Amino acid sequence: MPDERLDCCICHQPQSPPYHILGGRVYCARHYALVNKPHRGFWQASLIQILGMAALSAGLAWLGNAIGPLRGLPLLLAGIVLSVLPAALWLIFFYRQDRLEPEPKHNIVAVFLTALLLTDVIGRRAVDEWWRVGEWAGFDTTTSLLAALCILGPLRQAMAYIAVRVMVYATEEFDERMDGIVYGTVAGLGVATLLNLRYVLASEGVALAPGVITTATTALAQASFGGLMGYVMAEAKFSHRPIWFVPLGFAVTAALNGLVSWLIAEVSAVGLTVDPWRSLALGVAVALIAYLTLIALIRRSVTVTLQQSS
């Protein structure tokens with residue numbers, strides 16, 4: 001009886017022995033090479049975004065203090081620009097660094113917009129109408145922490161997860177470990193953009209100095225934890241992982257998302273005043289730690305799976 005022929009788990013083309021196998025899955029030669037391909041453009045774009053947003057935020061905050069408060073329409077327009085600026089900067093730098101083999105633009109846009117819309121249609125309603133978080137979360141430190149850990153973090157992480165899972169996870173374009181991190185980061189930026197827009201519109205514009213720092217730290221935090229969630233999803237797809245791997249990864253990233261978002265708000269408080277510079281420092285530190293952790297995890301995963309296949 002002839003041996004059963006196996007198909008590539010990405011493109012589903014029939015393969016012949018000897019098979020390229022990673023994590024118990026069969027790959028064609030092209031996708032075997034792609035799964036563990038380094039994605040230098042992503043890391044460069046992320047580093048530029050983190051450091052660039054820190055420098056730009058500091059510069060704009062200083063400028064805001066120097067020129068004095070804006071009012072009316074100029075303030076509102078400035079706030080809206082600040083809301084979309086972090087995502088725009090990351091996308092521009094990502095595509096400039098990743099010209100040779102970029103992710104399909106329509107996939108990037110689809111994940112970003114899906115995360116943004118989900119955060120508005122589901123996330124905002126859940127926070128404002130279902131759980132009415134604004135009515136009780138600010139009562140004391142305990143209630144604000146519980147709201148962040150049990151509601152805000154999980155909801156934001158869920159919006160990013162659903163956007164990636166529905167739009168790209170099962171497609172042939174999701175054919176590398178790095179794809180999970182890339183699309184997870186984009187989904188996190190979509191969540192952050194909506195949060196920042198709601199923040200600006202609810203305030204009818206924001207003071208320039210604290211506003212730019214708030215929008216920057218929100219984007220850095222959501223992009224970081226979106227990237228971590230994307231890594232978990234990619235590992236589940238390309239490696240042999242137990243059934244609890246993704247739920248555990250989601251729970252950890254959701255808890256970290258809520259905790260860090262809470263900390264960023266808390267550390268800015270100095271007595272009865274607000275010092276947003278402390279928030280910016282924490283946001284940059286969290287983003288750098290998250291992406292250094294992702295680099296280490298990717299390198300470890302590649303080493304382990306290549307050892308298993310040899």
Side-chain angles (χ1 to χ4, degrees), residues 9-10 23 25 31 34-37 39 41-43 45-46 49 86-87 90-91 94-95 98 101-124 126 152-195 218-239 241 243-258 287 290-291 293-295 297-298 301:
C9 64
I10 300 296
R25 289 183 168 88
H31 286 113
L34 281 175
V35 167
N36 297 307
K37 186 187 74 174
H39 212 311
F42 172 82
W43 301 121
S46 297
Q49 190 222 24
W90 189 90
L91 291 171
F94 177 68
Y95 270 99
D98 199 41
E101 193 175 347
E103 299 299 327
K105 290 182 175 63
H106 65 276
N107 283 349
I108 294 288
V109 172
V111 170
F112 178 84
L113 291 179
T114 300
L116 187 151
L117 291 173
L118 285 171
T119 305
D120 185 42
V121 174
I122 298 177
R124 181 179 61 84
L152 301 181
L155 270 175
R156 293 167 182 174
Q157 207 64 38
M159 301 304 98
Y161 172 83
I162 293 171
V164 176
R165 188 67 179 84
V166 170
M167 301 308 298
V168 295
Y169 188 78
T171 66
E172 292 186 8
E173 283 81 9
F174 198 108
D175 55 7
E176 312 169 41
R177 274 193 176 89
M178 281 302 305
D179 285 345
I181 301 175
V182 171
Y183 289 119
T185 298
V186 171
L189 288 170
V191 172
T193 300
L194 191 281
L195 294 176
T218 298
L220 290 173
Q222 296 307 314
S224 300
F225 295 117
L228 285 169
M229 183 71 246
Y231 164 80
V232 172
M233 297 174 72
E235 275 295 291
K237 182 170 184 176
F238 298 117
S239 300
R241 296 291 183 176
I243 193 171
W244 47 261
F245 183 75
V246 172
L248 178 62
F250 176 86
V252 170
T253 53
L256 288 173
N257 192 323
Y291 284 109
T293 300
L294 283 170
I295 290 173
L297 288 171
I298 281 291
S301 296

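Side chains included, hydrogens not; waters and symmetry mates left out as well; all remaining heavy atoms used. Keep in mind the model is a prediction, meaning the values are calculated, not measured.
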Is the closest side-chain heavy-atom distance between [X] and [Y] below 4.5 Å?
| X | Y | answer |
| --- | --- | --- |
| L228 | F225 | yes |
| Y161 | V246 | yes |
| R156 | L195 | yes |
| V166 | T114 | no |
| F174 | V164 | yes |
| N107 | Y183 | yes |

From CA spacing to verdict: side chain to side chain contact (heavy atoms under 4.5 Å, CB included), V168, D179: CA-CA 9 Å; V168 295; D179 285 345; over 6 Å; no
Those residues that, when tested against Y291, pass side-chain hydrogen bond (donor to acceptor under 3.5 Å, both in side chains) (two or more places apart):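 T185.
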Residues forming a salt bridge (Lys or Arg N to Asp or Glu O under 4.0 Å) with R165, sequence neighbours excluded: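 Per chain and number, R165 pairs via salt bridge (Lys or Arg N to Asp or Glu O under 4.0 Å) with no residue.
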With rounding to the nearest 0.5 Å, note down the distance linking [atom1] in [X] to [atom2] in [Y].
| X | Y | atom1 | atom2 | value |
| --- | --- | --- | --- | --- |
| L117 | I122 | CG | CD1 | 10.0 Å |
| L194 | T218 | CG | OG1 | 11.5 Å |
| M167 | H106 | CE | NE2 | 9.0 Å |
| M229 | T253 | CE | OG1 | 5.0 Å |

Which atom pair, heavy atoms only, marks the closest approach of [X] to [Y]?
| X | Y | answer |
| --- | --- | --- |
| A192 | A219 | CB-CA, 3.5 Å |
| A223 | L189 | CB-CD2, 3.9 Å |
| S224 | A287 | OG-CA, 3.2 Å |
| M159 | L118 | SD-O, 3.4 Å |
| A163 | A187 | CB-CB, 4.4 Å |
| T193 | A87 | OG1-CB, 3.7 Å |

Looking only at atom types and distance, does a side-chain atom of [X] sit under 3.5 Å from a main-chain N or O of [Y], one as donor and one as acceptor?
| X | Y | result |
| --- | --- | --- |
| K237 | G180 | no |
| E235 | R241 | no |
| Y169 | M233 | yes |

